[in-house]
Amino acid sequence: MILETGDYKLFIDEDLTKQNYENLSINDTIVKLHIPQAVIDYLNDLHIDYLKPQSIYYYKTEGILDFYRGVYSLDGYMLQGPQAFTLANVENG
């Protein structure tokens, strides 16, 4: 699958992404999240199981609200777009 977003063009390895999410166990915490259907549909298109985040962060606040943040990953590589970092060739000497 080719995903274009902003200046970036990415190749998403759908089979590998799907396989990685199949190997994750369901975390009951994510069920507490209120994820809009449009976001769920988008994640499903990318073969990401929204019930299985790679990690979950919980933030306790002073007020009545608590926050959860789920992190999801894609398997693939960038086809075009600005580099987020520079690769360096370092010689051991």
Side-chain angles (χ1 to χ4, degrees):
M1 165 190 282
I2 304 298
L3 173 65
E4 295 188 47
T5 176
D7 293 339
Y8 295 93
K9 185 175 182 180
L10 310 170
F11 168 76
I12 306 303
D13 187 328
E14 297 175 69
D15 293 332
L16 185 57
T17 299
K18 185 176 180 180
Q19 179 184 0
N20 286 335
Y21 278 93
E22 286 173 352
N23 293 332
L24 290 174
S25 61
I26 295 177
N27 186 324
D28 292 336
T29 306
I30 195 69
V31 176
K32 297 177 183 178
L33 298 177
H34 299 284
I35 301 175
Q37 187 61 47
V39 173
I40 292 171
D41 293 343
Y42 182 71
L43 293 174
N44 285 336
D45 287 345
L46 296 172
H47 298 281
I48 293 174
D49 185 342
Y50 79 97
L51 292 174
K52 299 178 181 179
Q54 300 288 326
S55 59
I56 295 178
Y57 298 92
Y58 170 73
Y59 302 94
K60 179 76 174 161
T61 65
E62 296 294 325
I64 60 172
L65 297 176
D66 292 339
F67 296 95
Y68 294 88
R69 177 174 61 123
V71 177
Y72 301 90
S73 66
L74 294 168
D75 293 287
Y77 52 88
M78 186 167 58
L79 295 172
Q80 103 186 20
Q83 290 290 338
F85 58 90
T86 302
L87 297 176
N89 184 6
V90 179
E91 294 182 24
N92 294 330

key: Within one Ile-Leu-Val-Met-Phe-Trp-Tyr cluster: Leu16 and Met78, side-chain cutoff 4.5 Å   = no
note = So NZ of Lys18 and CG of Asp75: to nearest 0.5 Å the spacing works out to 14.0 Å
ask   = Taking atom types as modelled and ignoring hydrogens, do the side chains of Gln37 and Asp41 form a donor-acceptor contact shorter than 3.5 angstrom?
value = yes
ask   = So, the side chain of Tyr72 versus the backbone of Tyr50: is there a donor-acceptor pair under 3.5 Å, distance only?
value = yes
note = Nearest heavy-atom contact between Leu46 and Met1 is CD2-SD, 3.4 Å
task = Return the set of residues passing side-chain contact (heavy atoms from CB on, under 4.5 Å) with Lys9 (not counting sequence neighbours), or none when no residue passes.
result = Ile2, Glu4, Leu79, Gln80
task = Check each of Ile48, Asp45, Thr17 against Ile12 using the side-chain contact (heavy atoms from CB on, under 4.5 Å) test, and report the only one that passes.
result = Thr17
message = Counting neighbours of CZ on Phe11 that are heavy atoms of other residues, nucleotides or ligands and sit closer than 6.0 Å, is the number greater than 12?
response = yes
ask   = What distance do Leu43 atom CG and Lys52 atom NZ have between them, rounded to the nearest 0.5 Å?
value = 14.0 Å
